[in-house]
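Per chain, numbering begins at 1; letters A, B, ... match sequence-line order.
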Amino acid sequence: MKWKRKDLLGLQDLSAEEIALVLDTAASMKEILSRPIKKVPALRGRVVANVFYEPSTRTRVSFELAAKYLSAESVSITASASSVVKGESLKDTALTLAAMGADVVVLRHPLAGAPHLVARTVRCAVINAGDGFHEHPTQALLDLFTVREKKGTLAGLTVAIIGDILHSRVARSNIWGFTKMGARVRLCGPATMMPPGIEVTGARVCATVEEALEGADVVMALRIQKERQQEGLFPSLREYTGLFGLTRERLALARPDALVMHPGPMNRGVEISAAVADGPRAVITEQVTNGVAVRMALLYLLAGGGAVDG
Amino acid sequence: MDRLLLKGGRVVDPVEKKIWTADVLIDGGRIAALGPDLEPAGAAVMDVRGKLVCPGFIDMHVHLREPGYEAKETIETGSRAAARGGFTAVVCMPNTDPVADNKAVIAYIKARAEQLGLVRVYPVGAITRGSRGEELTEMAALKEAGAVALSDDGRPVSSASVMRRAMLYARMVGLPIISHCEDTSLSAGGVMHEGYMSTILGLPGIPAAAEEVMVAREIILAEHTGCRVHIAHVSTAGSVRLIREAKSRGVPVTAEATPHHLTLTHRAVAGYDTSTKVNPPLRSEEDVQALREALADGTIDVIATDHAPHTPEEKEVEYQLAPFGVVGLETAVGLVWTELVGTGILSPVEAVCKLSLNPARILGLPGGVIRVGGEADITVIDPHAEEVVDPSAFASKGRNTPFAGRRLRGLPVATIVRGRVVFSRGLAVVA
Amino acid sequence: MKYKAQIMDQEGIRRALTRIAHEIIERNKGTEGLALVGIRRRGVPLAERLAAKIREIEGREVPVGVLDITLYRDDLSTLGHQPLVQRTEVPFPVTDRKIVLVDDVIYTGRTTRAAMDAIMDLGRPRLIQLAVLVDRGHRELPIRADYVGKNVPTSRREVVAVRLVEIDGEDRVIILEKDEGPSFK
């Protein structure tokens, strides 16, 4: 199995074998993170441009460290959200970065499909670090990595994803990733935030949170954003917590060894209770560590060659 | 005066619903004779054996962009695109800058088109001033200046009350209303059909209900006011059901569908190609199927392109930031022949009804049938000619087509307006 | 690629490893502070076999580590696709140890260079030595092996294939010749 893609735009495009290659490579990278000298020369002289049109300290720092540990040069550009609409077009920004010699462009953008536009425009590799409500493949890969490390396998597991699925790129990428690797995915959230036709991904929509959690091996709570209340998508945080909040009582429905995950940042006491977030089943901080290993694996795989496209 | 003989073609008569072998003699911009084996002296001859000789096609829904948006298209480039696409006449929407809500803009468009002498251009006047959905335009004056219908296409009239008054007044003036049916409170922010593809792509959806709610409203208002209402670019199965039911009760409603809504689904949006971004959006497989059935059973009267050119700079952006619209004039006939006639959904006669006779009747325009003494507007189709769609070859300024690279079979090979050949492909005229 | 000649059989490999094990013990005056590190892929079973021999001879366990040098290769930027990265597993501190790197063949010396860099990133060893089953010449760096099973003069058109039971199901060393025309490793 060799990596043949120029870009990583979403997990929908990847085969189970490709996902497994990323996870295996990430396992090798994780060993480097345990060393006193966390640096290998693999990407010496390569340039990684982190272009963030949305603030995300967590993902940006994770990519920066991943680049540094592989000896790549890394530059980060944080553009304000307003520059998406006015100012230089995304196409021109991409052409500029490519002309300056970037080998990999890591793009976070508030609009779905922005990385596809960049990938079509430049010859260098493009990694989607989250685009609108579309996908966040690196987050899902680190979630898969974390679960595989803890459970030994992904096949046959039952994963419950609870919350605002409509606005969640993390949910979409995780649905593709887990189902491709042989896990079953259940979804639950307010009807106004359940996107139509989501079943085509292979996920099952559950009517109640109890039904979703029953016997689950992995429980993932999604961040609920207060703005959605102003948009009229749900009546109040209190009612949301009452119907969908992940509490110890509800978690008792899942398997005794179920893992609790959250893509962060958390609203403690809203979508997840503090007791659950800090409880023994939570692997939320490990998700962060594994994020660096997964991003090292992706930078390594995508920065390779360069002469061979496709 | 020029005399032109179209020799040996298969003449399509959408009124008599027949195709027969006949020669057509054109003299002084009119049909002078029609029948087998004509041998007039001193006429130039165009050999059209094996071709279909059709009454000139009329695209009753285009955006020529002039005045105001000449970077996207002009009356000249749009007219050339129409001619190249086999259309002898186009009906242009009023969302220009300034909006065609006054006599001067209507008169300008007509004058410019006549000056060019390419295809016939029939302007549509706005329903409300500035298409702001508030005050009615001077509809009688617009009609006098040459407007053939009224529409606030692209900026649908949101107030039911304003629309009701507009219909009452339009009926009095004797102009039909063309309605772009969209409840903007339901479509707000949406950029594609709301369905499993919008879910997968993470793009905000436009639900089918956004169109259907307004189709229902227009039907109810048409029924109450007696105004003739034409539903533009029908895109959903639900709209089809509403229109079919209204027609069965005798409500004065007609409808059109575009080639892109008849041939593409929301799956085309995968990859975020902004040339698939159009309003109403490309819908589901079930919707396309319903549109095709509605076309065959007559619920949908007309095929019109909603030709909406944009500059490459406007379209080479993030999907959500791109403007809505695709060009259609230069692919429509080929798509109709390849996807609808070639697959047996429409007979050639029915296709000519949708492209010529019906729009002429709905808008009261000359043409629609080839008759001795009638205007010599003719479209010649070669049902066996093939091409691969190449946007760089378009006469339109717009290159925003979702059909680039598609192989088409059955193409317009000559476009004759007022007896003058304004476009031909591989057909020689021998003097 | 076509078969040309066999240069070692199972017995030959066994004898060579026995001799190298003796030489390692002799040169290092016992096994104190000694560790073997096999370079993936065929250096790993060879390191384990040497450790077993040393145990037989001295009755002492010598720790064995596994080194993946992929991330240290100097040709990464020229390859079409990135080679598979596998785990490095060196479950003992490297600092102040005598490290014997073990590989199947030494050729240009570039793999050894990468392996030395990889080991030094794990700590500061007291010394590094190199044991190989076959030295086929054509060095491109100032590097030599401390322990050699067999010196085999080769041409650059030839390939030395070490086949081991643990990986290939048989023990032998053969020489293959590349076909005409451009070839890629």
Worksheet item: How would you list, by chain and number, every residue that makes a side-chain contact (heavy atoms from CB on, under 4.5 Å) with B:T236, sequence neighbours excluded?
Response: B:A208, B:E211, B:E212, B:S239, B:R283, B:D287
Worksheet, complete the sentence: Counting heavy-atom pairs under 4.5 Å with chain B, the top scorer among A:R120, A:H167, A:Q12 is A:R120
Worksheet, complete the sentence: Checking heavy-atom separations under 4.5 Å from chain B, one finds in residues 172-188 of chain A A:R172, A:W176
Worksheet, complete the sentence: Between B:E318 and A:A114 the two heavy atoms that sit nearest each other are CG-CB, 4.0 Å
Fill in: Sequence-distant partners of A:H134, ring-ring contact (aromatic ring centres under 6.0 Å, His included), two or more places apart
A:H116, B:Y272
Item to complete: Return yes when atom CZ of B:R267 has more than 12 non-hydrogen atoms of other residues, nucleotides or ligands closer than 6.0 Å, and no otherwise.
Response: no
Worksheet item: Taking it one step at a time, do B:L321 and A:L111 satisfy side-chain contact (heavy atoms from CB on, under 4.5 Å)?
Response: CA-CA 9 Å; B:L321 301 183; A:L111 297 176; 3.5 Å; yes
Worksheet entry | For A:L117 against B:V317, the heavy-atom pair lying closest together | CD2-C, 3.6 Å
Fill in: Heavy atoms of other groups near B:R241 CZ, more than 12 under 6.0 Å
no
Worksheet item: B:R155: what forms a side-chain contact (heavy atoms from CB on, under 4.5 Å) with it, not counting sequence neighbours?
Response: B:S131, B:R132
Worksheet item: Going by heavy atoms in the side chains, are A:P196 and B:E194 under 4.5 Å from each other?
Response: yes
Item to complete: Select one option (side chain, backbone, both, neither) describing which atoms of A:I198 are under 4.5 Å from chain B's heavy atoms.
Response: both
Worksheet item: Looking only at heavy atoms, what is the nearest atom pair of B:L201 and A:A112, with distance?
Response: O-CB, 3.4 Å
Worksheet item: If you measure from CG on A:D92 to CD on B:E316, what distance do you get to the nearest 0.5 Å?
Response: 9.5 Å
